[in-house]
Amino acid sequence: MSDKHDAGGVPTTGHVWDDDLGDFTNQPPKWWMLGLAASAIWCVVYFLYYPSIPVSNAHGYFKGLGHWTAITEMEADKSVVDEVRGKYEAKLKDMTPAAILADSELTEYVTRSGKVLFGDNCAACHGTNGVGTVDKQGLFAPILRDDDWLYGGKIDDIYTSIVGGRQGLMTPHKGVLSDQQIDDVAHYVKAMSDEGKSAADTDSAVAAGKKVFTESDCTACHGADGKGMQAMGSANLTDKVWRFDGSLEGIKQTIANGVNAGPDARIAVMPSFQAAGKLSDAELKKLAVYVYKFGGGQADAPATK
Ligand code: HEC
Ligand code: HEC
């Protein structure tokens, strides 16, 4: 070996390659050896404590000395969750939706489970997060996020909608009114929404339509001002919000064929979730609060328990 490669007396294995390459025989540091031994022991302990051998005795596998299973662990976790929930669920039972809404802690709890309930039971028709769903007639099921309500946006109105279901009924007018009258009144309805009623003073079709509107049965359900009545869900015809197709042709269709009144009618049926029996009382309340909390809910008189 040349001086350049002198290893300073450290012992080597004695093998020499390429004339001058040798292997030292140094031990790894002591801390490293201890670590190695400790991890070997850990392996054995772990192996014995937990289920480790998939096949062995009559039970099918070696259960481990600690008898640990994922199921007992899950059940322990679940009982913690149930305990927390139980407290809220017990309270909910005797409370009205309005009273729940007045309690911010409960509202937060209810909103969280309401999200799941809504996804499972309502989103198919009302869309994820209540954005509404559309089909060829217009909205298949109304938007629940806005502050435009057919049946009212107070917490109790929303609750009633969910519990009992809703079916807007508008009688068909073909046969009752002439085609010309239907055409005129459609012009008037469109003008009420788009331009305000004063349009009747300038446009002759609109003026004729106004006469049909006031003299036929429209006002009985939609009111003299056309603003609708929430008790029966007769749409407000003066806002720019259209439940069904809001084009002139679309409006004529609605007037001629009505709503839920025959084979050609617009379809607008919200099922009753109480009659369906799928949801508990508490779940119905949760959903009412959840829908209210979309932001379109209308403030009520202060809630009393
Ligand atoms: C089969 C489709 C369908 C399902 C499922 C459904 N809805 Fe509806 N919902 C409708 C329709 C259609 C209307 C409108 C009824 C009308 O126009 O008269 C409506 C109306 C409503 C209204 C009244 C809206 C207003 O403007 O006053 C609320 C509130 C409501 N639904 C909540 C829910 C909730 C909460 C669920 C789930 C528990 C649900 N709906 C499930 C179809 C559905
Ligand atoms: C028996 C009560 C009733 C009568 C009479 C009636 N309507 Fe309606 N109308 C309703 C209801 C209820 C709705 C809402 C249906 C729904 O969305 O579930 C409606 C909806 C409408 C719509 C659709 C609104 C939208 O947002 O798409 C138009 C347009 C309309 N009515 C016009 C008329 C006109 C014009 C007359 C008179 C020729 C008339 N209605 C007579 C109850 C009535």
Side-chain angles (χ1 to χ4, degrees), residues 114 117-127 130 132-133 135 137-155 157-174 176-177 181-182 184-190 192-193 209-210 212-223 226 228-248 250-261 265-274 276 278-279 283-284 286-292 294 296-298:
L117 290 169
F118 191 86
D120 289 350
N121 296 286
C122 324
C125 290
H126 287 284
T133 46
D135 67 2
Q137 72 168 359
L139 274 174
F140 171 67
I143 300 164
L144 301 175
R145 299 194 74 81
D146 59 9
D147 56 2
D148 185 74
W149 297 95
L150 285 163
Y151 299 93
K154 300 215 167 78
I155 182 70
D157 300 331
I158 296 174
Y159 181 65
T160 309
S161 292
I162 302 170
V163 169
R166 298 289 196 185
Q167 302 195 18
L169 184 76
M170 168 161 157
T171 45
H173 287 82
K174 64 174 178 224
V176 179
L177 300 176
Q181 285 174 310
I182 290 179
D184 289 344
V185 79
H187 273 92
Y188 176 63
V189 168
K190 188 150 176 58
M192 268 201 288
S193 153
K210 181 176 183 177
V212 178
F213 191 86
T214 38
E215 288 173 7
S216 76
D217 60 358
C218 310
T219 49
C221 293
H222 290 282
M229 299 173 193
Q230 291 190 335
M232 67 164 89
S234 51
N236 181 347
L237 303 176
T238 65
D239 57 13
K240 289 191 168 55
V241 183
W242 291 103
R243 168 81 174 77
F244 307 114
D245 181 356
S247 69
L248 193 62
I251 296 172
K252 280 203 281 192
Q253 277 285 318
T254 309
I255 298 170
N257 298 314
V259 181
N260 293 332
R266 306 281 191 199
I267 307 296
V269 178
M270 156 87 185
S272 158
F273 276 83
Q274 191 166 59
K278 254 176 59 189
L279 298 174
E283 287 170 329
L284 292 168
K286 286 178 186 176
L287 279 162
V289 172
Y290 180 70
V291 169
Y292 184 93
F294 277 147
Q298 288 152 9

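Every number for a ligand or one of its atoms is a count from 1 in the order of the listing.
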Distance, nearest 0.5 Å, that separates NZ of Lys278 from CG of Asp120:
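Rounded to the nearest 0.5 Å, the NZ-CG separation comes out at 8.0 Å.
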Which residue is it: Asp245, Thr254, Asn257? I am looking for the one with a side chain to side chain donor-acceptor pair (under 3.5 Å) to Arg266.
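So the option named by the test is Thr254.
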Between the protein and ligand 1, are there any N or O atom pairs that come within less than 3.5 Å of each other, and if so, what are their names and distances?
| from | atom 1 | to | atom 2 | distance (Å) |
| --- | --- | --- | --- | --- |
| ligand 1 | 7 (N) | His126 | NE2 | 2.8 |
| ligand 1 | 9 (N) | His126 | NE2 | 2.8 |
| ligand 1 | 17 (O) | Arg243 | NE | 3.3 |
| ligand 1 | 17 (O) | Arg243 | NH2 | 3.1 |
| ligand 1 | 18 (O) | Tyr151 | OH | 2.5 |
| ligand 1 | 18 (O) | Gly168 | N | 3.0 |
| ligand 1 | 26 (O) | Leu150 | N | 2.8 |
| ligand 1 | 27 (O) | Leu150 | N | 3.2 |
| ligand 1 | 27 (O) | Tyr151 | N | 2.8 |
| ligand 1 | 31 (N) | His126 | NE2 | 2.8 |
| ligand 1 | 40 (N) | His126 | NE2 | 2.8 |

Identify, with sequence neighbours excluded, every residue that meets side chain to side chain contact (heavy atoms under 4.5 Å, CB included) alongside Tyr151.
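Only Ser161, Arg166 meet the side chain to side chain contact (heavy atoms under 4.5 Å, CB included) criterion with Tyr151.
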Near [X], which atoms of ligand 2 are under 4.0 Å from a heavy atom of that residue?
| X | value |
| --- | --- |
| Thr254 | 22 (C), 23 (C) |
| Cys221 | 1 (C), 2 (C), 3 (C), 4 (C), 5 (C), 42 (C), 43 (C) |
| Asp217 | 5 (C), 37 (C) |
| Leu237 | 22 (C), 24 (C), 28 (C), 29 (C), 30 (C), 32 (C) |

Aromatic ring pairing Phe294/Phe118, orientation class (parallel under 30°, perpendicular over 60°, tilted between)
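It falls in the perpendicular class, over 60°.
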So which heavy atom on Ser193 is nearest to which on Leu237, and how close?
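Shortest heavy-atom separation between Ser193 and Leu237 comes out as CB-O, 3.4 Å.
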Would a distance-only check, ignoring hydrogens and angles, find a side-chain to backbone donor-acceptor pair under 3.5 Å from Ser272 to Val163?
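Present.
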May I ask you to check whether His222 has an N/O atom sitting below 3.5 Å from an N/O atom of ligand 2?
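Yes; the residue has a nitrogen or oxygen that sits under 3.5 Å from a nitrogen or oxygen of the ligand.
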Which residues pass the side-chain hydrogen bond (donor to acceptor under 3.5 Å, both in side chains) test with Gln137, not counting sequence neighbours?
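Partners of Gln137 under the side-chain hydrogen bond (donor to acceptor under 3.5 Å, both in side chains) test: none.
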Only counting residues at least two apart or in another chain, list the ones meeting salt bridge (Lys or Arg N to Asp or Glu O under 4.0 Å) with Lys174.
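In terms of salt bridge (Lys or Arg N to Asp or Glu O under 4.0 Å), with neighbours along the sequence ignored, Lys174 is linked to Asp264.
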